[in-house]
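Only this structure's heavy atoms are used, side chains among them; waters, hydrogens and symmetry mates stay out. Sequential numbering from 1 along the given sequence is applied to the chain's residues.
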Amino acid sequence: MLNIVQEENRRLKAELSALRRVIMQVEPVVMLDGRFEEMMTSPIAVIGVARQIIAQIPQAQTSQN
């Protein structure tokens, strides 16, 4: 059971790391406004930053789909 938990923890860390890389590519300003440091000190903060970026997507794009 411990191995399953450890493997899931590794997988989630890898997913958060990949998401952090995408965020830095899509919105490089995170390197300057403090969000990068927040993501590094608290990996779960990556999800919050991603939510902020998604919320900024203009409604016109989403209504066309």
Give me the other members of the hydrophobic cluster that Val46 sits in, counting Ile, Leu, Val, Met, Phe, Trp and Tyr linked by side-chain heavy atoms under 4.5 Å, directly or via other members.
Leu16, Leu19, Val22, Ile23, Met24, Val26, Val30, Met31, Phe36, Met39, Met40, Ile44, Ile47, Val49, Ile53
Using the salt bridge (charged side-chain N to carboxylate O under 4.0 Å, His left out) criterion, which residues pair with Arg51? Sequence neighbours excluded.
none
I'd like to check the side chain to side chain contact (heavy atoms under 4.5 Å, CB included) partners of Glu7; sequence neighbours left out, ordered by chain and number.
Arg10
Kindly compute the distance separating CD (Glu8) from CG (Asn3), expressed to the nearest 0.5 Å.
13.0 Å
Under 4.5 Å side-chain heavy-atom separation, chaining through any Ile, Leu, Val, Met, Phe, Trp or Tyr, what else clusters with Leu12? Say none if it is isolated.
none
Contacts satisfying salt bridge (charged side-chain N to carboxylate O under 4.0 Å, His left out) that involve residues 14-31 (not counting sequence neighbours) are Glu27-Arg35
Between atom NZ of Lys13 and atom OG of Ser17, what is the distance when rounded to the nearest 0.5 Å?
11.0 Å
